[in-house]
Amino acid sequence: RLMSLDNYRFLMGYELVLKAFRNNLIVGLGSASITVFLTSVIAWIVVRSSIPGRKILDALAFSPIAFPGVVFGLSLMWLYLTLPVPVYGTLWILLIAYVSKYMPVSMRACNAALIQVNKELEEASKASGASWWDTFKRILVPLILPGMFVGWAYVLSLTFKVLSLPVLLGHAGTEVVPVLIFDLYEGGQYTVLNALGVGVIIVVTSISLVARMVSRRFGLEQFE
């Protein structure tokens, strides 16, 4: 019998696969949320404020896109092996790497969403006595939330696909899905690898479809 679901059954009972998906979800959800929060604040500083050096801040937030993943991963490896911060070989360094590397993606989504919001809304809130944080939380965030969500979903989907960062910064016990795919390939387990690849495609496609639905629902087709 050439066609069967044996490889999928094997994956469902393979502890390393379940652990890789769990690690990927923990790091992916955490990094996507932190990235979107940071870039939404940076986008406000760049678009709305008159703080000196805001253009430099914008350039710094966008600069990671210029570095290949391998170079970026090696730089972080050298940095955290040099500094007395015990994060190398843990999920924390993957979280830091994803946040740093994918800030440009989320930055542009938040930036474009914020530009569409009328500045008078913030001025009215300020005139009513609201603090900056209250204005940002209660007025701006609900209005730019669709753009933030699209950036969040895109960052999350990238954590399931990119190999260069986790393969350099990962360790035993911190395997994520791309590293597991690479290990299966190196081990010649191609049938299991194909089954896992189908599972990853389903996950990433689901995230992309949800992001697409949100962007169309709120008229943000430019983020697709």
Side-chain angles (χ1 to χ4, degrees), residues 1-36 64-81 85-106 150-212 224:
R1 189 174 60 177
L2 297 178
M3 296 183 64
S4 72
L5 299 176
D6 291 343
N7 290 310
Y8 295 98
R9 296 191 189 98
F10 173 76
L11 287 176
M12 294 301 294
Y14 191 17
E15 184 179 354
L16 190 57
V17 172
L18 301 178
K19 187 174 184 179
F21 268 98
R22 182 173 67 249
N23 289 340
N24 216 134
L25 285 174
I26 292 173
V27 176
L29 292 172
S31 60
S33 302
I34 294 172
T35 302
V36 167
I65 202 171
F67 300 95
V70 174
V71 175
F72 202 83
L74 287 173
S75 301
L76 287 175
M77 181 191 299
W78 176 83
L79 176 64
Y80 287 102
L81 285 175
V85 182
V87 296
Y88 183 76
T90 68
L91 291 178
W92 287 107
I93 195 168
L94 292 179
L95 184 72
I96 294 170
Y98 287 143
V99 170
S100 304
K101 179 63 177 174
Y102 300 135
M103 282 184 68
V105 175
S106 180
V150 173
W152 180 88
Y154 190 40
V155 172
L156 177 59
S157 66
L158 286 174
T159 64
F160 281 92
K161 299 186 294 182
V162 175
L163 175 64
S164 55
L165 291 177
V167 79
L168 288 171
L169 302 174
H171 196 265
T174 65
E175 297 89 351
V176 290
V177 173
V179 174
L180 181 58
I181 291 175
F182 180 74
D183 289 342
L184 291 174
Y185 174 80
E186 288 293 305
Q189 301 183 52
Y190 300 122
T191 55
V192 178
L193 168 62
N194 291 335
L196 180 58
V198 171
V200 173
I201 289 173
I202 292 173
V203 172
V204 174
T205 301
S206 301
I207 295 172
S208 301
L209 287 175
V210 172
R212 185 182 180 90
E224 293 180 4

Exceeds 12 heavy-atom contacts within 6.0 angstrom, atom OH of Y190: yes

Set of side-chain hydrogen bond (donor to acceptor under 3.5 Å, both in side chains) partners for S33, sequence neighbours left out: W152

Distance in Å, I181 CD1 paired with L196 CG, rounded so as to fall on 0.5 Å steps: 4.5 Å

F182 atom CZ, neighbour heavy-atom count above 12 within 6.0 Å: no

Heavy-atom closest contact (L29 atom, L156 atom, distance): N-CD1, 3.7 Å

Under 3.5 Å: donor-acceptor pair, side chain of K161, backbone of V200: no

Any V176 side-chain heavy atom under 4.5 Å of L94 side chain: yes

L168 side, atom CG; Y88 side, atom OH - distance, nearest 0.5 Å: 7.5 Å

Taking every non-hydrogen atom, the tightest pair across I202 and S206: O-OG, 2.7 Å

Side-chain donor or acceptor of E175 paired with backbone N/O of G173 under 3.5 Å: yes

Within-4.5 Å side-chain heavy-atom neighbours: L25 and R22: no

Stepwise side chain to side chain contact (heavy atoms under 4.5 Å, CB included) check, N23 with L91: CA-CA 8 Å; N23 289 340; L91 291 178; 3.8 Å; yes

Atom pair CG (L74) and OG (S164), whose distance is rounded to the nearest 0.5 Å: 9.5 Å

Side chain to side chain contact (heavy atoms under 4.5 Å, CB included) between N194 and N7, intermediate numbers included: CA-CA 9 Å; N194 291 335; N7 290 310; over 6 Å; no

Nearest atoms (heavy-atom pairs only) where V99 meets T35: CA-OG1, 3.4 Å

Heavy-atom side-chain contact between L165 and F72 under 4.5 Å: yes

For the student: nearest non-hydrogen atoms of P64 and S100, plus distance: CG-O, 3.2 Å

Smallest separation among heavy atoms of L95 and S31, with atom names: CD1-N, 3.1 Å

Close side-chain approach of Y154 to S157, heavy-atom, < 4.5 Å: yes

Pairwise side-chain contact, L169 with W92, heavy-atom cut-off 4.5 Å (strictly under): no

Gap between atom CG of L180 and atom CG of L11 - 0.5 Å precision: 8.0 Å

Exercise: do N24 and T159 side chains pair donor with acceptor under 3.5 Å: yes

Flag side-chain contact, heavy atom, 4.5 Å: T191 against F10: no

T90 vs H171 side-chain heavy atoms within contact, under 4.5 Å: no

CD (E15) with more than 12 external heavy atoms under 6.0 Å: no

Taking every non-hydrogen atom, the tightest pair across V179 and V167: CG2-N, 3.9 Å

T174 side chain vs G170 backbone, donor-acceptor pair below 3.5 Å: no

Side chain proximity check, V162 to Y102, heavy atoms < 4.5 angstrom: yes

